[in-house]
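Here is the structure we will look at.
The figures here come from the full heavy-atom set of this structure, side chains too, leaving out hydrogens, waters and symmetry mates. Just so you know, residue 1 is the first one in the sequence shown, and it goes up from there. In each ligand, atom 1 is the first atom listed, and ligand 1 is the first ligand listed.
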Amino acid sequence: MEHHYYVNSGKFLLCFLHVLQLLWGTSGLDSATIESDRLALLDFKSRITQDPLQIMSSWNDSTSFCYWIGVECSPVDGRVTILNLESKKLVGSIPPSLGNLTSLTGFNLRHNNFRGQIPEEIGHIQGLQDLNLSHNYFGGEIPMNLTHCTGLKALDVHYKELVGWIPDRLSSLLQLEFLRLGGNHLTGIIPAWIWNFSSLKTLSLTMNNLNGSIPNELGKLSGLGFFQLYGNNLSGIVGNLDH
Ligand SMILES: *[C@@H]1O[C@H](CO)[C@@H](O)[C@H](O)[C@H]1NC(C)=O
Ligand SMILES: *[C@@H]1O[C@H](CO)[C@@H](O)[C@H](O)[C@H]1NC(C)=O
Ligand SMILES: *[C@@H]1O[C@H](CO)[C@@H](O)[C@H](O)[C@H]1NC(C)=O
Ligand SMILES: *[C@@H]1O[C@H](CO)[C@@H](O)[C@H](O)[C@H]1NC(C)=O
Ligand SMILES: *[C@@H]1O[C@H](CO)[C@@H](O)[C@H](O)[C@H]1NC(C)=O
Ligand SMILES: *[C@@H]1O[C@H](CO)[C@@H](O)[C@H](O)[C@H]1NC(C)=O
Ligand SMILES: *[C@@H]1O[C@H](CO)[C@@H](O)[C@H](O)[C@H]1NC(C)=O
């Protein structure tokens, strides 16, 4: 009798666990969005033309993409949250399908040899907080659609081939703490709205072709700890920095 009792409770326990698994499956892991992330990562891999450290060989189907070098996933829904391939000696470009990684919060390709444009599709990633692309060879303009990433805290496209004006639409990025646009070929004036970014801690616009005057409003950025403008054609007096 007792034996029978244990068997039944064991079955009940298994059944209970299975229901939990089913609940987890429907509320958390969604296989369609996970597959979409996997395809976007493989598309990214296909745009890598040189990889002397063979980083991309870990990006294979023997493991879930959450174990691939540079990839971090959310423990809740299994989607990609961070892509960090800093200083991996990679040559390649960013495909538009990067914008399919809609759970991404951090994207870091600093110190590689990426070329081509930063795709406008990056604007699909509305929860993006860090876009760290400095020290590559990105050309073209700063993508307008970054304006949709209103939670952006770090925008680092320092160095080297970007052209055009600083897009006015970036004025929506009021959470920015870290803004580095230096070492490119940006032209035009420093937009007045930059001085309204009260969260800003680091601002570098150095070594571009910016002109016009440095406004008095600079003093409004009381949290600014690092500030560089040299290497432009600016005039004016930096006032009110006594915060
Ligand atoms: C990215 O998403 C678009 C729109 O859903 C789709 O057409 C495209 O095939 C996706 N790209 C990749 C590489 O998965
Ligand atoms: C696949 O990736 C794993 C690590 O994720 C690695 O150990 C293995 O060598 C890779 N396989 C190939 C064929 O490169
Ligand atoms: C991007 O850069 C900022 C500023 O240096 C840093 O705080 C942040 O951790 C970086 N993000 C990633 C994903 O590497
Ligand atoms: C850029 O954003 C606009 C809306 O502001 C949208 O219509 C357009 O499709 C976006 N472009 C890309 C390439 O995602
Ligand atoms: C900066 O913010 C003030 C209000 O705090 C607003 O009146 C002004 O228009 C803003 N300037 C720009 C250039 O957005
Ligand atoms: C800044 O340079 C542009 C050309 O790049 C010129 O049209 C404009 O008049 C200049 N503005 C100032 C204030 O010097
Ligand atoms: C800098 O701007 C002034 C006008 O504000 C202009 O006369 C001068 O030629 C410019 N210098 C360079 C190197 O562009």
Taking 4.0 angstrom as the limit and counting only heavy atoms of Leu39, give me the atoms of ligand 1 inside it, by number and element. 13 (C), 14 (O)
For residues 34-41, which side-chain N or O atoms pair as donor and acceptor with protein atoms under 3.5 Å away, sequence neighbours left out?
from  : atom 1 : to    : atom 2 : distance (Å)
Glu35 : OE1    : Arg38 : NE     : 3.0
Glu35 : OE2    : Arg38 : NH2    : 3.1
Asp37 : OD1    : Arg79 : NH2    : 2.8
Asp37 : OD2    : Arg79 : NE     : 3.3
Asp37 : OD2    : Val80 : N      : 3.0
Arg38 : NH1    : Asp61 : OD1    : 3.2

Which residue in the set Asp156, Asn84, Asn136 passes side chain to side chain donor-acceptor pair (under 3.5 Å) when paired with Arg110? Asp156
Path from Leu98 to Ile69 over hydrophobic side-chain contacts below 4.5 Å: yes
For Thr81 and Ser103, does a side-chain donor sit closer than 3.5 Å to a side-chain acceptor? no
Would Arg110 count as a contact residue for ligand 3, given that I'm defining contact as a non-hydrogen atom of the residue lying under 4.0 Å from a ligand atom? yes
Hey, does Asn100 come in under 3.5 Å of ligand 1, counting only N/O atoms on both sides? yes
Near Met56 CE, under 6.0 Å, is it more than 12 heavy atoms from other residues, nucleotides or ligands? yes
Measure the acute angle between the ring planes of Trp193 and Phe197, then classify it against the limits of 30° and 60° as parallel, tilted or perpendicular. tilted
Ring pair (Phe, Tyr, Trp, His ring centres under 6.0 Å) against His135, all qualifying residues, sequence neighbours excluded: His111, His158, Tyr159
Which residues pass the salt bridge (Lys or Arg N to Asp or Glu O under 4.0 Å) test with Lys201, not counting sequence neighbours? Glu177
Ligand-residue contact atoms, ligand 3 with Phe178, heavy atoms, under 4.0 Å: 4 (C), 5 (O)
Just jot down the ligand 1 atoms closer than 4.0 angstrom to any heavy atom of Ser97, in number order. 11 (N), 12 (C), 13 (C)
Quick one: ligand 2 N/O to protein N/O pairs below 3.5 Å?
from     : atom 1 : to    : atom 2 : distance (Å)
ligand 2 : 2 (O)  : Asn60 : OD1    : 3.4
ligand 2 : 2 (O)  : Asn60 : ND2    : 2.5
ligand 2 : 11 (N) : Asn60 : ND2    : 2.8

